[in-house]
There are 2 protein chains.
Amino acid sequence: MTQSTEDLLELDQQVCFALAVASRNVIALYRPILEPLGLTHPQYLVMLALWGKAPLRFGEVAELLRLDPATLSPLIKRLEQSGLIERHPVAGDERTFALVPTEAGRALREQALGVPPAVIEQLGMPIERLVALRDELTAVIDATDPVK
Amino acid sequence: MTQSTEDLLELDQQVCFALAVASRNVIALYRPILEPLGLTHPQYLVMLALWGKAPLRFGEVAELLRLDPATLSPLIKRLEQSGLIERHPVAGDERTFALVPTEAGRALREQALGVPPAVIEQLGMPIERLVALRDELTAVIDATDPVK
DNA sequence: CCTATCTTGTTTGTGCACAAACGAATGTGT
DNA sequence: ACACATTCGTTTGTGCACAAACAAGATAGG
């Protein structure tokens with residue numbers, strides 16, 4: 001049977017609002033856990049990317065994290081100022097640069113290993129539900145990704 | 001069979017990252033649709049609340065939308081400046097105030113009726129998937145709500 | 001009363017998200 | 001070689017999110 005228009009409108013509100021609130025809440029969950037590392041959540045994501053593979057060019061990081069260059073640019077500067085990463089020239093293209101964790105940045109990885117378990121524990125949700133959530137979110141991202 | 005510890009660690013990062021990206025993408029989907037109404041997404045949520053029930057006290061709006069007073073306060077001022085809402089004194093408590101849509105604010109509701117269908121259409125996701133997503137998000141919000 | 005405490009909204013400061021305009025380097029067509 | 005377009009990161013301006021400090025009104029205890 002068909003859903004009424006009102007149901008659709010209601011559902012839409014709930015989904016979008018729930019998405020925004022859930023995102024803020026989960027990031028808020030990270031905050032006290034990341035605070036001892038001196039990282040915000042977006043900064044943590046940049047470090048994760050560089051811990052996984054380095055060097056990465058500025059544009060590669062932006063694409064990986066789906067961050068606007070205008071957002072990433074000052075963020076990178078703060079991470080440099082914290083002494084966690086540094087930029088190196090890329091041979092053959094003076095427009096861009098590559099990012100690499102410093103010694104301190106690599107050392108921070110040890111502490112960061114404790115972050116995911118702490119978050120999962122505080123979330124207290126069964127794994128199946130997290131998997132289901134991730135799959136639904138992936139569908140939304142695919143349906144909305146401006147990159148296509 | 002059992003999941004490896006590495007999988008679990010990755011799952012946490014995937015869920016949180018997907019949550020942040022999906023939230024940003026969906027709000028970005030609203031942006032061009034709300035632009036003709038002269039509203040940002042948070043402003044749209046405030047208007048939705050007031051279209052549903054008015055007057056609402058400042059604190060009630062903050063609680064409904066799960067917004068920090070420090071975030072809501074300037075947002076309200078912008079909506080007043082746009083001529084869409086106005087504040088009225090509350091008898092018996094001079095600390096707070098009540099919010100009500102102006103004539104222009106009420107008129108805007110007509111245009112706003114077209115917003116949810118436009119969003120759902122652009123999302124292009126089957127209803128079942130939206131329902132599943134909403135259920136998972138609700139679980140996350142319950143697990144993370146600081147208000148508890 | 002009247003003082004101490006609690007509520008409630010505002011202000012200030014930092015960081016993120018994004019649009020628009022910009023400037024410098026690279027690439028392309030002729 | 002040269003003019004033109006494209007790519008790439010930065011800068012500026014606006015708005016949101018949140019912590020911390022604040023101020024004014026309400027409330028409770030003595």
Side-chain angles (χ1 to χ4, degrees), chain A residues 16-17 19-32 34-35 37-46 56-63 65-82 87-99 144 146-147, chain B residues 16-17 19-32 34-35 37-46 56-63 65-82 87-99 144 146-147:
Chain A
C16 180
F17 177 60
L19 199 47
V21 173
S23 175
R24 277 183 298 169
N25 280 7
V26 171
I27 290 179
L29 209 67
Y30 273 87
R31 217 182 308 280
L34 289 178
E35 191 272 333
L37 312 201
L39 293 176
T40 66
H41 186 257
Q43 288 169 9
Y44 169 68
L45 293 180
V46 170
L56 284 176
R57 284 183 292 113
F58 177 92
E60 292 176 321
V61 175
E63 189 182 353
L65 305 188
R66 303 283 204 280
L67 281 179
D68 194 282
T71 298
L72 187 58
S73 185
L75 199 159
I76 290 295
K77 282 183 184 167
R78 283 186 282 271
L79 283 176
E80 285 181 279
Q81 203 150 9
S82 301
R87 58 178 78 191
H88 294 300
V90 170
D93 194 340
E94 296 184 14
R95 290 171 303 178
T96 186
F97 53 87
L99 293 169
T144 57
V147 181
Chain B
C16 184
F17 177 64
L19 203 45
V21 173
S23 176
R24 275 183 294 163
N25 280 7
V26 172
I27 290 179
L29 209 65
Y30 273 86
R31 216 182 308 281
L34 289 178
E35 192 272 332
L37 313 201
L39 293 175
T40 65
H41 186 256
Q43 290 169 6
Y44 169 68
L45 293 180
V46 170
L56 284 176
R57 284 184 291 113
F58 177 91
E60 292 176 322
V61 176
E63 190 183 351
L65 304 189
R66 302 284 204 280
L67 281 180
D68 195 283
T71 298
L72 186 58
S73 186
L75 199 159
I76 290 295
K77 283 183 183 166
R78 282 186 282 270
L79 282 177
E80 285 182 279
Q81 205 150 8
S82 301
R87 57 178 80 193
H88 294 301
V90 170
D93 194 340
E94 295 185 14
R95 289 171 304 179
T96 186
F97 53 87
L99 293 170
T144 57
V147 180

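A, B, ... follow the sequence lines: proteins, then strands. Residue 1 opens every chain.
Residue Thr96(B) places at least one side-chain N or O under 4.0 Å from the OP1 or OP2 atom of dG9(C). Residue Lys77(B) places no side-chain N or O under 4.0 Å from the OP1 or OP2 atom of dG9(C). Between Ser73(B) and dT10(C) there is a side-chain N or O to OP1 or OP2 distance below 4.0 Å. Contact check, Arg57(B) against dG9(C): no side-chain N or O comes under 4.0 Å of OP1 or OP2.
Nucleotide dT7(D) holds its C1' atom 14 Å from the CZ atom of Phe97(A), rounded to whole Å. The interatomic distance linking Gln81(A) (CD) with dG15(C) (P) rounds to 9 Å, in whole Å. Look at CG on Leu79(B): it is 12 Å from C1' on dG15(D), rounded to the nearest Å. One atom, CD of Glu63(A), and another, P of dT7(D), lie 14 Å apart when rounded to the nearest Å. Atom CG in Leu99(B) sits roughly 12 Å away from atom C1' in dG9(C) (whole-Å rounding). In this structure, the CG atom of Leu34(A) is 14 Å from the C1' atom of dG15(C), given to the nearest Å. As a whole-Å value, the separation of His41(A) NE2 from dC18(D) P is 13 Å. Distance CZ (Arg31(B)) to C1' (dC18(C)): 6 Å, rounded to an integer number of Å.
Across all strands, Thr71(A) comes closer than 4.0 Å to base atoms (heavy-atom distances). Residue Leu72(B) is classed as having no contact, given no heavy-atom separation below 4.0 Å to the nucleic acid. The residue Ile27(B) sits apart from the nucleic acid: no heavy atom pair falls under 4.0 Å. Among the protein residues, Pro69(A) comes within range of the nucleic acid bases, having at least one heavy atom under 4.0 Å from a base atom.
Listed by chain and residue number, nothing satisfies the side-chain hydrogen bond (donor to acceptor under 3.5 Å, both in side chains) test with Tyr44(A) (two or more places apart in sequence, or in another chain). By the ring-ring contact (aromatic ring centres under 6.0 Å, His included) test, Phe17(A) is found to be paired with no residue, residues two or more places apart in sequence or in another chain being considered. Among residues two or more places apart in sequence or in another chain, the side-chain hydrogen bond (donor to acceptor under 3.5 Å, both in side chains) test is passed with Asp93(B) by Arg95(B). Looking at residues two or more places apart in sequence or on another chain, you find no side-chain hydrogen bond (donor to acceptor under 3.5 Å, both in side chains) involving Glu94(B). Arg31(A) meets the salt bridge (Lys or Arg N to Asp or Glu O under 4.0 Å) test with no other residue; sequence neighbours excluded.
With dA17(D), dT11(D), dG15(D) as the choices, the nucleotide that has an atom nearest any side-chain atom of Gln43(B) turns out to be dG15(D). Of the candidates dG15(C), dT10(C), dC18(D), dC18(D) carries the atom nearest the Arg24(A) side chain, counting heavy atoms from C-beta on. Out of dT10(D), dA17(D), dC18(C), the shortest distance to the side chain of Arg87(A) is found at dT10(D).
For Arg87(A), the CZ atom sits in a packed shell: over 12 heavy atoms of surrounding residues, nucleotides or ligands are nearer than 6.0 Å.
Side-chain N or O atoms of Arg24(B) include one that pairs as donor or acceptor with a backbone N or O of Arg66(A) at under 3.5 Å.
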(message) How would you summarise protein contacts on nucleotides 20-29 of chain C per nucleotide, using B for base, S for sugar-phosphate only and - for none, with heavy-atom distances below 4.0 Å?
(response) -----BS---
(message) What verdict does the side-chain contact (heavy atoms from CB on, under 4.5 Å) test give for Leu72(A) and Val46(A), after you've listed the backbone C-alpha separation in whole Å, the side-chain angles of each residue and the deciding distance to 0.1 Å?
(response) CA-CA 9 Å; Leu72(A) 187 58; Val46(A) 170; 4.0 Å; yes
